[in-house]
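The first residue of the sequence shown is numbered 1, and numbering continues consecutively from there.
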Amino acid sequence: MVSKATATAPAPNAWRILRMPEAVSKSGLSRGSIYRLMKIGQFPKSVKLSERAIGWREADIDDWLASRQHAA
């Protein structure tokens with residue numbers, strides 16, 4: 001029997017935060033392209049981690065990548 005907590009637990013990468021170098025590597029985009037696409041709403045929004053640090057939820061980038069595969 002699967003417990004309710006296990007059944008509703010997020011995927012392992014659902015809350016993993018990627019910093020810019022990892023986001024660049026995973027997306028295949030340059031830093032500038034990520035910011036440009038974010039500005040026009042075509043890349044996931046960043047999450048503010050502290051006053052001077054941002055990152056992206058890995059699950060959001062994974063979803064974005066999956067949507068790009070269907071766009072081609």
Where A23 and L18 come nearest, the two heavy atoms and their spacing: N-CB, 4.2 Å
Separation between CD of E58 and NZ of K26, rounded to the nearest 0.5 Å: 3.5 Å
Side chains of L65 and Q69 in contact at under 4.5 Å (non-hydrogen atoms): no
Single-linkage hydrophobic cluster, 4.5 Å side-chain cutoff, W56 and I40 together: yes
Pairing residues for L49 by the side-chain contact (heavy atoms from CB on, under 4.5 Å) criterion, not counting sequence neighbours: I17, R19, V47, A53
Residues forming a side-chain contact (heavy atoms from CB on, under 4.5 Å) with S27, sequence neighbours excluded: L29, I34, F43, W64
Summary of side chain to side chain donor-acceptor pair (under 3.5 Å) pairs that have at least one residue in residues 31-47, sequence neighbours excluded: S30-S33
